[in-house]
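Residue numbering restarts at 1 for every chain, and letters A, B, ... go by the order of the sequence lines.
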There are 2 protein chains.
Amino acid sequence: MRSKGLTSVQLAKLAGVSSATISRAFTADSLIKPETRARILALADEHGYRPNAMARSLNMSQSRLVALVVNTVANPAEGEGLDQLVHRLQARERMPLLLCCANHEDRNQLMRIASAYRVDHVVLYSDAVSIDDATDIFRSATLVVASSEPLEGRAVSDVRLDASAATRQVVDRLVDIGRRHFVYLSGRSSSHIDKQRMSWFSEALEAHSLAFDIVEHGDYSYDSGYKEAVLLLRRSRPDVIVCANDLMAIGVKDAASLLNIRVPEDLAIVGHDGVALANWEAHSITTIMPLEGMVSAALAEIIDRDPSAPAVQRVVDCVVRWARSTPELPR
Amino acid sequence: MRSKGLTSVQLAKLAGVSSATISRAFTADSLIKPETRARILALADEHGYRPNAMARSLNMSQSRLVALVVNTVANPAEGEGLDQLVHRLQARERMPLLLCCANHEDRNQLMRIASAYRVDHVVLYSDAVSIDDATDIFRSATLVVASSEPLEGRAVSDVRLDASAATRQVVDRLVDIGRRHFVYLSGRSSSHIDKQRMSWFSEALEAHSLAFDIVEHGDYSYDSGYKEAVLLLRRSRPDVIVCANDLMAIGVKDAASLLNIRVPEDLAIVGHDGVALANWEAHSITTIMPLEGMVSAALAEIIDRDPSAPAVQRVVDCVVRWARSTPELPR
DNA sequence: CTAGATATTGCATACGAATGCAAAATAGTT
DNA sequence: AACTATTTTGCATTCGTATGCAATATCTAG
């Protein structure tokens, strides 16, 4: 029959009460007789009634919508993190609006459309969007930044990765076992997180009075890792390649295998992000990553806070997930 | 300063017109003097005004929201398809609401929350949710099904895969070159798509008076493919393993390599879905898949139709993406 | 310059739910 | 029973935009 959705007034009529009472039945800690509420909720359930979130949002200026701004969900690095976050939001009865920026010529236009829905929060999970643009467009929403663009005093809540210790740990071990020729393969050198990762590595190298031999540029894709590595390994022989993400690291490993370069004996490979597939048998890439779910936990927690509370900045430390793309410690 | 978002009335005051005129400036083909519209749009842009989508939706009973019901976005099989679809929706100024069901104990509850936002369309991209439940919960929305649950006369728009021809093509070639011992590795045997895939394969085998030697059960994950294959290959020697998805196929390939079974010489492996990583150098899995983007194109097209138009059913034929996990044709 | 046709605009109301305030119902007290 | 204290409910308004209808402005032609 597809009844086009009851309204509170119609349900009120059925229940023999006023629409105000219906509303109160659906509002926690409101002044309503428990039996009345029970009766209404039962009736609502029977008729499939749910308060119209549009009307409710309009009235309360609170939508319970969260805009998730990501590059793409096709990529496991974003997908895995996003999935965690979505689950956490859903558990709190928040609805995620998904904005995929990657193949969209005008990201700001996309954000403008989303802002019309008066989202309560915006999670910037992408380096491809500027914090200032987002702040400007989502004026009335609370911005939570999980990209790596420097905050520079902006009063914005944010979750930031710190991989300096983890990176040092990796470099120390590799230098210990005699590696000296490091290459860094960047994803998009304009990206903040990429810059950070590179600079953490150079700092770690500097502690040993070393530096990168070479820096190559990929585009975060498996194919680019593969291609760049083939070119590079045909003309030189680094003993470590550090990649801006795991996908490129996997590409590098496959290229090495094509060229009969042994991993990790001749070449150690290190990735970033800790995507599940980096840990698959066939890949087994050592990677630098936040502890499982830490970022999304922090984000969800921030979103749960009182929106009027001052912005908070969290730092999530990265850990190393050792795998077979780097040599074991000699005993 | 974070002006909390202008309203049409406030902007009207600034522009020296009534709020009705503001509204008309933002409505295509409405009766308004072009210069007035231009003036208002400029002013709106200057002040960052956008019509409140909540109010608009409430008034028009049309939200331009589309609920995307998926299992998870962590998995490339879903992520890649979803990404395509999201881009197509965004290009049409539709906003996707993301519902991830996988780790959510009560999927229906999730859908109920989403339905409160009066989404215009629901795309069921997941086998984990029943069509009837979804129809029941999203009463006033148009359901578009991309799962494989049988429609059985339900008046619902739907995009359905047909892999029978592609599957026959694969089986014919493998039988031609002498393969006789086929194993099917299912993901979740209760899933409709899994059943279909298996039955397409048995039909293709029957044409040669063959049948599956064995059916094993995984859970769609790389690890389950790996584990099941190790167990299986230690006790028997099939020459073809067909997997319900690519991830398990990759796991199977890695297991084979662990056990020194040559792929494709001793064992051919076939996957399903056509995820990008199945085509990576290290994996190179032959896979049965819809033509790139076909499913999301069909979905987007359906969503674009007049909602009062009768439901349509589309069939998307699958193709084979040959790779190195199956032998070349002998010349 | 004016009547009539047409192009623009404003007014008033509707969409569905939340909530302050007042009215009604109930409980508690003497 | 009468009256107060308290709980529960209803009334009326509000949120911001869209739109039918009426009012006004602009244009055309005579």
Considering only side-chain heavy atoms of [X], which listed nucleotide, [options], is closest?
X       : options                : answer
A:Leu31 : D:dT19, D:dT9, D:dG10  : D:dT9
B:Asn52 : D:dA18, C:dT19, D:dG16 : D:dG16
A:Thr27 : C:dT19, D:dT17, C:dA17 : C:dT19
A:Ala20 : D:dG10, D:dT17, C:dG16 : D:dG10
B:Ile32 : C:dT9, C:dG16, D:dT17  : C:dT9
A:Leu58 : C:dA14, C:dG16, C:dT8  : C:dG16

Report task. Report the C-alpha separation of B:Asp132 and B:Arg154 in whole Å, then their side-chain angles, then the decisive distance to 0.1 Å, and conclude whether the salt bridge (Lys or Arg N to Asp or Glu O under 4.0 Å) test is met. Result -> CA-CA 9 Å; B:Asp132 287 329; B:Arg154 283 178 269 234; 2.7 Å; yes
So, for [X] and [Y], which heavy atoms are closest and what is the spacing to 0.1 Å?
X        : Y        : result
A:Arg118 : A:Ser140 : CD-OG, 4.4 Å
B:Val123 : B:Leu85  : CG1-CD2, 4.1 Å
A:Glu149 : A:Ile131 : OE1-N, 3.1 Å

By the 4.0 Å heavy-atom rule, please label [X] as base, sugar-phosphate, or nothing.
X       : answer
B:Thr7  : sugar-phosphate
A:Ser61 : nothing
B:Ser57 : nothing
A:Ser23 : base

Set out, line by line, the N/O atom pairs under 3.5 Å between protein and nucleotides 21-24 of chain D.
none

How close or far is atom [atom2] of [N] from atom [atom1] of [X], stated in whole angstroms?
X       : N      : atom1 : atom2 : answer
B:Asp29 : D:dA18 : CG    : C1'   : 14 Å
A:Ile22 : C:dA18 : CD1   : C1'   : 13 Å
B:Glu35 : D:dA25 : CD    : P     : 17 Å
B:Ile40 : D:dA18 : CD1   : P     : 12 Å
A:Arg39 : D:dT9  : CZ    : C1'   : 12 Å

Under 4.0 Å from OP1 or OP2 of [N]: is there any side-chain N or O of [X] that close?
X       : N      : value
A:Ser19 : D:dG10 : no
B:Tyr49 : D:dT17 : yes
A:Ser18 : D:dT9  : no

Report task. Take B:Met54 and A:Leu65 through the test side chain to side chain contact (heavy atoms under 4.5 Å, CB included) and record every step on the way to the result. Result -> CA-CA 11 Å; B:Met54 295 294 182; A:Leu65 291 175; 3.6 Å; yes
Query - No-hydrogen, no-angle side-chain donor-acceptor test under 3.5 Å, B:Asp306 and B:Ser308 - result: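 There is such a pair (donor and acceptor under 3.5 Å, judged by atom type) between the side chains of B:Asp306 and B:Ser308.
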Query raised in the report: In terms of side-chain geometry, is the basic nitrogen of A:Arg94 or A:Asp304 positioned less than 4.0 Å from the acidic oxygen of its partner?
Result: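 Result for this pair is yes, salt bridge flagged.
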Report task. Find which nucleotide of DNA chain D each of B:Lys33 and B:Pro51 is nearest to by heavy atoms, and output the residue with the more 5' nucleotide. Result ->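 On the 5' side of the pair lies B:Pro51.
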Query raised in the report: Crowded around A:Glu292 CD? As in, over 12 foreign heavy atoms under 6.0 Å?
Result: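 Result for CD/A:Glu292: open.
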**Report entry** Donor-acceptor pair present, A:Asn59 side chain and D:dT14 base, under 3.5 Å
**Finding:**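 Looking at the base of D:dT14, it does pair with a donor or acceptor on the side chain of A:Asn59 (distance under 3.5 Å).
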